[in-house]
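Structure record follows, encoded as structure tokens.
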Amino acid sequence: MTDSAPSSGKSPRVRFAPSPTGFLHVGSARTFIFNWLYARHNGGTLVLRLDDTDVERNTDASVQSIFEGLRWLGLSWDEEYKQSERLALHRRQAEAIFAKGLAYRDFTPAHADPGEQSSSQGAWLFNPGMRELTREDSDRRATSGEPFALRYRVPRGEDRVLRFVDAVYGEQSKLADEVEDFALLRSDGNPTYHLASCADDADLRITHIIRGQDHLTNTFKHLLIFEGLSTPPPQFAHLPLLVAPDGAKLSKRRHGPVVSVTTYRDAGFLPQAFINFLCLLGWSPKDDREFMSLDEIREAFTLENVNRSNAVVNFTEEDPFDPKAVWLNAEHIRALSVEELSRQLAPFFAQAGFEATPEKILAVTPLIRERIKLLGEAPAAADFFFLPQLAPYDPAELIPSKGGDAAMALRVLQYAQEVLATTNFDHDSLDQALRAAAAHLGLKAGQAFQPIRVAVCGRKNAPPLFETMTVLGRELCLARIRQAMESLQTRE
RNA sequence: GUCCCCGUCGUCUAGCCCGGCCUAGGACACCGCCCUUUCACGGCGAUAACACGGGUUCAAAUCCCGUCGGGGACGCCA
């Protein structure tokens, strides 16, 4: 147990509470990961709670997409709730707060113009005339059916200071006079986020609320609600925000699919790499480790090591992924066994429309393992293994770069054809035969290999020649060399 | 506007709490060199930061104050 909490001694209970209003975005994913890490590091319980009190904006598709994203990450949770199924509790708690005189009815019509003079001077604090309504007037208007929102009666003029100690940001305090009379219940009777969230956190016995820093100032309101609920508040830990290169908070609206978890998945990020990247944004093990396994991260994770400043996710128009994320992914790819990597690669080959058997993929995997940073790059990196017919050759590429000409290329291919007809197609035999061929032609190995490589792979940059040819097989290699020769000849 | 938070290389960060070991460390990216049949991997190297101004102190990235800059919250959204 690293963090001393009010509930220290008991096993911690944390929650991840996304609101289903779109795809799972990377900021939410990170919050989820931090909650998971905290729970698993401390032998606690992770609760998943769908904060779906906004009927207007919630969609089933969003719920699906959130679960899809979470499942992809592969981090398990222990309990699951839906706020919309707990409305009775929320209303009961709102009434209890009202009964204590800590809240009042606000009959101001919904969506009333908030304008006024408030903009010129500080923040809005409450609608005039409502806070002071007598209980009798309030009851009369309520029973007559006039709609109202329920607002918290925030202490005024008492110099009351709201305080809490944030596990990340330290001591926090704010004058109650600066907190507005926030809503608990909407005029349709539904709870607001603040009420539902706190009522549920209390009811679910949440001990630590780990969430984005955008909630830091909301916490003062939550303190008031917990007080109204007569429940000691949980411990809070706010996470620095993930921001775009322009410094603004990452948002679905402004930044689009580049902030969606599925974008990373579809491009071929490994979940462990994605997790590794995300937890390095705002947290560090305080040593020089960066490439870490989930287990290593879990063991090292503490709230004390969380930073306080926002972290930039470095994406651009041209490249949606942070270079460091890509690098980490490449590292994780190389850490996989060939068998495991080939399994991960299979769906990407299938999606590219290649007829790729597991055996073929297994043979190809070691040849592209060091050459891809994202799983999604595999089909392009290995296309010539699967394509029955290569795209037309670029004769210029067939010609050795260092002072060669078409005739030389032709001679190489011609001779290679003869040699290859009888050579065993294993690495050592090919190595020996082709090097000898180069020597025979009076060429350097590099010069002689280029025409062959281009003939066989269709391009200059490819995996090592001998291994590649071994996988391709004699028949295909010879056929392609013949085609390459034809393309050189027809050019002349 | 009011309140809250933040400010070390382009980016992620170590160091800050407990001043000296910091002529500020690591990583990614970029550039160069090496390895090499191409590409990639790997190795080596280079460029690059304590926002600014005042204090306190023998000594400040580290403590204090101010300024500036950035972000967040101020909804019957979450």
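Just so it is clear: chains get the letters A, B, ... in the order the sequence lines come, proteins before strands, and each one is counted from 1. Every value quoted in this text rests on a predicted model; they were computed, and no experiment measured them.
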>> Taking pairing as Watson-Crick or G-U wobble with both contacts under 3.5 Å, can you name the mate of B/C31, or confirm there isn't one?
In response: B/G45
> If we take the C1' atom in both B/G19 and B/A61, what is their distance in whole Å?
Replying inline: 10 Å
> What distance, rounded to whole Å, do you find between the two C1' atoms, one in B/C64 and one in B/C28?
Replying inline: 36 Å
> Picking from B/C76, B/C4, B/G72, which would you name as closest to the side chain of A/Q172?
Replying inline: B/C4
> In terms of ring plane angle, is the pair A/H440 and A/Y415 parallel, tilted or perpendicular, where the classes change at 30° and 60°?
Replying inline: parallel
>> Do the side chains of A/R105 and A/E146 get close enough for a salt bridge, i.e. N-O under 4.0 angstrom?
In response: no
>> Please give the distance between the P atoms of B/C18 and B/C63 as a whole number of Å.
In response: 8 Å
>> Could you tell me how far B/U13 sits from B/U56 if I compare only their C1' atoms? Round to whole Å.
In response: 30 Å
>> Quick check for you: among B/U13, B/C76, B/A29, whose closest atom lies nearest to any side-chain atom of A/W327?
In response: B/A29
>> Any strand counts, and the cut-off is 3.5 Å on both contacts for Watson-Crick or G-U wobble. Which nucleotide pairs with B/C22?
In response: none
> Is a donor-acceptor pair below 3.5 Å formed from side chain A/K324 to base B/C12, judging by atom type as modelled?
Replying inline: yes
>> I want to verify a distance call: between B/G26, B/C12, B/C76, whose nearest atom is closest to the A/A149 side chain?
In response: B/C76
> How would you label the contact of A/D54 with the nucleic acid (heavy atoms, under 4.0 Å): base, sugar-phosphate, or nothing?
Replying inline: sugar-phosphate
> Would you say the base of B/C4 and the side-chain of A/T217 have a donor-acceptor pair closer than 3.5 Å?
Replying inline: no
> Under 3.5 Å, is there an N or O donor on one side and an acceptor on the other linking the side chain of A/E290 and the base of B/G26?
Replying inline: yes
>> Starting the side chain at C-beta, find the nucleotide from B/U2, B/C76, B/C5 nearest to A/A183.
In response: B/C76
> Is there side-chain contact between A/Y393 and A/R480, with heavy atoms separated by less than 4.5 Å?
Replying inline: yes
> When all nucleic acid strands are considered with a 4.0 Å heavy-atom cut-off, which category describes A/P147: base, sugar-phosphate, or nothing?
Replying inline: nothing
> Once the angle between the rings of A/F269 and A/F321 is folded into 0 to 90°, is it parallel (under 30°), tilted (30 to 60°) or perpendicular (over 60°)?
Replying inline: perpendicular
>> Using a 4.0 Å heavy-atom cut-off, does A/N307 contact any base of the nucleic acid, only the sugar-phosphate backbone, or nothing at all?
In response: sugar-phosphate
> What distance separates A/Q272 CD from A/I275 CD1, expressed to the nearest 0.5 Å?
Replying inline: 7.5 Å
For nucleotides 61-66 of chain B, give me every protein contact, N/O to N/O, under 3.5 Å, one pair per line with atom names.
none

>> Per the side-chain hydrogen bond (donor to acceptor under 3.5 Å, both in side chains) rule, what does the pair list look like for residues 311-326 of chain A, sequence neighbours excluded?
In response: A/E290-A/K324
> Between B/C74, B/U38, B/C12, which one does the side chain of A/A462 approach most closely?
Replying inline: B/U38
> On a plain distance test, is the side chain of A/R308 in donor-acceptor contact with the base of B/C6 below 3.5 Å?
Replying inline: no
>> My understanding is that a pair needs two contacts under 3.5 Å, Watson-Crick or G-U wobble. By that rule, which nucleotide pairs with B/U2?
In response: B/A73
>> For a quick check of understanding: with a heavy-atom distance under 4.0 Å over all strands, which category does A/K249 fall into, base, sugar-phosphate or nothing?
In response: sugar-phosphate
>> Give me the distance, rounded to whole Å, that separates B/C50 from B/U62 when you measure between the C1' atoms they each carry.
In response: 10 Å
> In whole Å, what separates the P atom of B/G15 from that of B/G7?
Replying inline: 13 Å
>> Would you measure the distance from the P atom in B/A14 across to the matching atom in B/G53 and give it in whole Å?
In response: 25 Å
> Among B/A27, B/A29, B/G42, which nucleotide sits nearest the side chain of A/P323?
Replying inline: B/A29
> For B/G66, what is the paired nucleotide under Watson-Crick or G-U wobble rules, both distances under 3.5 Å?
Replying inline: B/C52
> Is there a side-chain contact between A/Y152 and A/D181 (heavy atoms, below 4.5 Å)?
Replying inline: no
>> By the 4.0 Å heavy-atom rule, please label A/K252 as base, sugar-phosphate, or nothing.
In response: nothing
>> Looking only at the side chain of A/A123 (C-beta and beyond, no hydrogens), which of the listed nucleotides B/U13, B/A78, B/U2 gets closest?
In response: B/U2
> Taking the side chain of A/Y169 as heavy atoms from C-beta outward, which of B/C6, B/A78, B/G72 is closest to it?
Replying inline: B/C6
> Whom does B/C39 pair with, Watson-Crick or G-U wobble, provided both distances fall under 3.5 Å?
Replying inline: none
> Between B/U8 and B/G26, how far is it from one C1' atom to the other, in whole Å?
Replying inline: 13 Å
>> Suppose we define a pair by two distances each less than 3.5 Å, Watson-Crick or G-U wobble; what does B/C17 pair with here?
In response: none
>> Check this for me: A/K444, atom NZ, are more than 12 non-hydrogen atoms of other residues, nucleotides or ligands nearer than 6.0 Å?
In response: no
